[in-house]
Amino acid sequence: MSALRYLVVVVAVLTAIQALADADRPKVGLVLSGGGAKGMAHVGILRVLEEMKIPVDVVVGTSAGSAVGALYASGMNVHEIEERFIEMDWVSSFRDDPGRAYRPVRRKREDWRFPVAPGIGIRADGLHLGGGIITGQNLGFILNELTRSASLVEDFDRLAIPFRAVATDLETGEQVVIGSGNLSEAIRASMSIPGVYAPVALDGRLLVDGGVANNLPVSVARELGAEVIIAVDITDPLLEREEIREAFSVVGQLTTMMTRRNTEQQLELLTDRDILIRPDLEGLSSADFYQAPALFELGASGARKHAGELRHLSVEESQWIRYRSRLQMHSSRPGLITSVRIDDQSRLAGDFLRERIRQKTGEPLNVNLLEEDLKRIYGLGYYETVSYSLAPSGAGGTELVIRVREKSWGPNYLSFGLNYEDNLENETRFNLATSLRMTGLNALGGEWATGLQLGTQPWVRTEWFQPLDYGFKRFLTLGGEYSRESLSAFDGEGERITEVDITSRQVDLAVGTELGVNGEIRLEYMRGYATVDEQVGEPVAPSGSIQSGNLNLRLVHDSLDDAFLPKSGGFAGIRGRFERPGLGSDRDFDSVRIMALGTASWRKTSITGLLFGNTVTRGVAGIENSVLLGGFRRLSAYSQGEVAGEDAVLASVFARQEFGGPYVPWFAGVGFESGNAWSSLGDARWNNLLHSGSVFAGVETFLGPLQIATAYNNEAEWSAYLSLGFSFTRLFD
C-alpha cells in the first residue's frame with residue numbers, strides 16, 4: 001500500500017472514530033467578527049477554548065475574524081498563530097511597494113527626483129485612480145505564507161475544520177460567503193476595507209470587506225449546521241455626541257453605524273444555547289497592530305468570564321487528543337512543482353513573465369526565491385497585484401500558478417517630487433518635478449518617460465526605453481535633455497566673485513545590459529551644447545555655445561533600500577567620459593568619476609559612509625564640466641558651489657538614530673565630511689583638505705526626509721540648512 005493510500009485510510013478511520021464520539025455532543029460553530037487589529041483578541045479566545053478542551057466543528061469569520069479563523073481552521077495551533085502575529089511586520093502589510101531593492105537600476109536612477117507615485121493613471125479619456133489606497137500586494141505575500149499548509153485545499157470543507165469567509169459584493173451590497181478557491185485570496189477579499197484596499201475580483205464579482213454586509217455571520221454558521229454558536233463580537237461601539245468632533249470621527253461613526261446595524265441583526269439570531277463573548281477592548285483601536293500580546297490577553301480574559309457557559313462543551317482528554325490529531329493530519333505541504341502556469345491577460349508577450357520566474361519544475365517550491373521574483377515583477381510598475389497560488393496536479397505533484405492583474409488605471413502613470421535646500425543665509429534651491437511614464441508600448445515592454453522640473457534648476461528629459469529581449473537584460477535608450485544650472489565662483493576668503501547661468505541641451509543614445517536586479521552597464525553617445533546665458537561679476541566662462549560630443553561608459557551597482565535614508569545596501573559606480581572633437585566636441589579630455597556608498601544598521605542606529613572622486617585624466621574639461629561641492633552633505637559648512645574644480649574628492653560618514661514609533665518616526669544624528677576641489681588633482685594635499693562637522697535632525701515625509709542641520713568647518717565658520725528630499729546618489733550624476 002502506497003504512503004498516500006495509507007494516509008487516506010488513517011484519516012478515514014480517525015474521522016469515523018471522531019464521528020462516533022461527536023454524536024454525543026452538539027456541533028459547535030465559532031463565529032468571529034471583524035474589527036481590524038482588535039481581531040487579534042480572537043486568538044486569546046481560541047487559547048481558552050483549547051485550555052478547556054472545547055472542539056470547534058465550524059469556523060466562520062469576517063474581515064480580521066476571517067484571518068484568525070482561517071489559520072485555526074487550517075490546523076495551525078494557537079501558539080504558532082500568536083507567534084506569527086507578534087513577529088509580523090504590520091507596516092509592510094499596508095504598503096504595496098516591496099522595496100527599492102526590487103526595482104531595476106533605471107527606475108532607481110530618478111526615484112529621488114520623483115518619490116511620490118500616488119497611483120494616478122492618465123489616458124485619452126482623462127485621469128484615473130486605483131480602487132484603493134493600497135492594492136494589497138505585500139498583504140498577499142503575507143497571507144500566502146500564513147496559509148501555505150492549506151495551499152492545495154480548494155474546498156474549505158476539506159480543511160481541518162470546515163471554514164467560511166464572508167465578504168461583500170461591491171456592486172449589490174450583498175454578503176458573499178466564500179467556501180472554496182484559494183484560502184489566502186478568500187481572506188484578502190473578506191478584509192478588503194473599502195477605499196483603503198482595492199477590491200478583490202473573484203468569480204466575476206468585486207469583493208470588499210465583509211463587515212459592510214455581515215460583520216458577525218451567525219446566520220452563515222447556522223446554515224452550516226452549527227447547533228451551538230460561540231459568537232465573538234469586537235465591533236466598535238458608537239461614539240457619544242461629544243466624541244464626534246472632526247472629519248475622521250464623523251467618517252468613523254458612519255462606518256461603525258453600518259457594521260453595528262448588521263451585527264445587531266445577527267445577534268437576534270442567537271438562542272439560549274449560544275454563547276456571546278464581548279472582550280473588554282476599551283482604549284484599543286482597530287489600528288493597534290503592535291499591541292498583539294495585550295489583545296491576546298484581553299481576548300482570553302473575555303472568554304474566561306464565560307467559562308461557566310462554555311464548560312458543558314468540553315470533552316474528555318482522550319476525545320480531545322483524537323480531535324487534535326485529526327486537525328494535525330490535515331496539515332500538509334505542497335509536493336514537487338510539476339508545472340508552472342502563467343495566468344496573464346496583459347498586453348505584454350507571454351514570455352515576458354515566464355522569463356522572470358526562476359522556479360524550476362521537478363523541484364520543491366522555493367518560496368523565498370519565488371517571492372523575490374514576484375517582487376521584481378511588481379517593481380517594474382506594470383501590475384496592480386502579482387501573486388501566486390498552488391493547485392494539485394497529477395501524480396501527487398503541484399502546479400504553480402502565477403497571477404498578474406494589470407493596473408486598471410494604467411498604462412500611463414504620473415509621479416511627482418519636490419526638493420528644497422536653504423542655507424538660511426544666501427542660497428535657496430526649490431524645485432517641483434513631475435513625470436509621465438507610458439508603459440507596455442510593445443510586446444517587449446517598451447516605455448517612454450518624460451520628466452519636467454521647474455524651479456531654480458529647470459530640467460526636462462524625455463527618453464525611450466526599448467528592451468531587446470523579454471528579460472530586459474539587454475536594452476537600448478534614446479533620449480533628449482535640457483537643464484539649467486547656476487554656478488558660482490568664490491575667492492580665497494569665501495566671497496562670491498561671479499555667478500554664471502549655464503544651459504545645457506543634449507541628445508543621447510545608449511545600449512546596455514542589466515547585471516542582476518541591482519547592476520547595470522551601459523555605453524552612451526551624447527551630442528549637445530552648453531551656453532552661458534548670464535554672467536554676473538568677473539568673467540570666468542567663455543561666451544557663446546560650447547559644443548559637446550562624448551562617449552560615456554557607466555557601470556553601476558545600487559542595492560540601497562531607500563533613496564534618501566538608507567538602512568542597508570550600497571551604491572557603487574564608475575563612469576568614464578571621453579570627450580573628442582571627432583565626436584563633435586569643442587573640448588578634448590578624458591575624465592573618470594567614482595562613487596561608493598555603504599550603509600549598515602543595528603537596531604535603530606544607521607551608519608552611512610561615502611567616498612566620491614572625480615578627475616580629468618587628460619586635457620581640460622572647462623567650467624561647464626566643473627564638479628560642485630558645498631551645500632548640504634557636500635561639505636555642509638560651505639556654500640553651494642563654493643568648492644568647485646575639475647578634480648574633486650569627498651569622503652564622509654554619518655550616524656543616524658531613529659526615534660518614535662512605526663507610524664511617526666523621527667531621527668537625529670551627526671556627520672563628518674572631508675574633501676576639496678582643485679583645477680588638477682596634482683594640487684591635492686592633506687593640509688588643504690576642507691573639513692565639516694554637522695548635527696542634524698529630521699522627520700520622514702512622503703516627499704522625502706525633512707531635515708534641519710547645522711555645520712562647522714575647519715575655518716571656524718558655521719552654516720545652517722533646511723533640506724527636503726536630499727539623496728546621496730545625486731552626486732554621481
Visitor: Within the 4.5 Å heavy-atom criterion, are D209 and P194 side-chain neighbours or not?
Guide: yes
Visitor: Does the structure place the NZ or CZ of R123 under 6.0 Å from the centre of the six-membered ring of W409, at an angle of no more than 45° from the ring's axis?
Guide: no
Visitor: Can you give me the closest heavy-atom contact between P411 and Y413, atom names plus distance?
Guide: O-CE1, 3.2 Å
Visitor: Could you tell me whether the side chains of T450 and R461 share a donor-acceptor contact shorter than 3.5 Å?
Guide: no
Visitor: Would you call R106-E447 a salt bridge at under 4.0 Å N-O?
Guide: yes
Visitor: Quick one, V68 with F85, criterion side chain to side chain contact (heavy atoms under 4.5 Å, CB included). Give me CA distance, side-chain angles, the key distance, then yes/no.
Guide: CA-CA 10 Å; V68 175; F85 283 168; 3.8 Å; yes
Visitor: Taking atom CH2 as the centre, does W464 end up with more than 12 heavy-atom neighbours from other residues, nucleotides or ligands that are less than 6.0 angstrom away?
Guide: yes
Visitor: Ignoring hydrogens and geometry beyond distance, is a side-chain donor-acceptor pair present between R527 and Q506 at under 3.5 Å?
Guide: no
Visitor: Considering only heavy atoms from C-beta outward, does the side chain of R103 approach that of R100 to under 4.5 Å?
Guide: yes
Visitor: Do you see a donor-acceptor pair shorter than 3.5 Å between the side chains of T462 and W448?
Guide: yes
Visitor: Tell me, do I402 and L400 make a side-chain contact under 4.5 Å, heavy atoms counted?
Guide: yes
Visitor: Minimum heavy-atom separation for L560 to P566, with atom names?
Guide: CD2-CB, 3.9 Å
Visitor: For G528 and M526, which heavy atoms make the closest approach, and how far apart are they?
Guide: N-SD, 3.8 Å
Visitor: Indicate whether any N or O donor in one side chain lies under 3.5 Å from an N or O acceptor in the other, for T385 and S387.
Guide: no
Visitor: Distance-only, no hydrogens or angles: does the T361 side chain make a donor-acceptor pair with backbone N or O of T338 under 3.5 Å?
Guide: no
Visitor: Quick check on the 6.0 Å ring-centre criterion: do Y102 and Y378 meet it?
Guide: no
Visitor: Check this for me, if you would: do R188 and E185 make a salt bridge, where the nitrogen-to-carboxylate-oxygen distance has to be below 4.0 angstrom?
Guide: no
Visitor: Just verifying a value: how many Å separate L370 CG and K375 NZ, rounded to the nearest 0.5 Å?
Guide: 10.5 Å
Visitor: Assess the residue pair F163 and Y72 against the criterion (ring-ring contact (aromatic ring centres under 6.0 Å, His included)); give the C-alpha distance rounded to whole Å, side-chain angles, the decisive distance to 0.1 Å, and a yes or no.
Guide: CA-CA 9 Å; F163 169 75; Y72 191 63; over 10 Å; no
Visitor: Hey, mind stepping through F475 and F465 against ring-ring contact (aromatic ring centres under 6.0 Å, His included) and telling me if it holds?
Guide: CA-CA 7 Å; F475 59 85; F465 172 83; 5.4 Å; yes
Visitor: I'd like to know if the side chain of N368 pairs up with that of N366 as donor and acceptor (distance under 3.5 Å, no hydrogens or angles considered).
Guide: no
Visitor: How close do G181 and F156 get, heavy atom to heavy atom, and via which atoms?
Guide: O-CE2, 3.5 Å
Visitor: Salt bridge or not for K360 and E363, using N-O below 4.0 Å?
Guide: no
Visitor: I'd like to know if D562 and K108 make a salt bridge, using a cut-off of under 4.0 Å between side-chain N and carboxylate O.
Guide: no
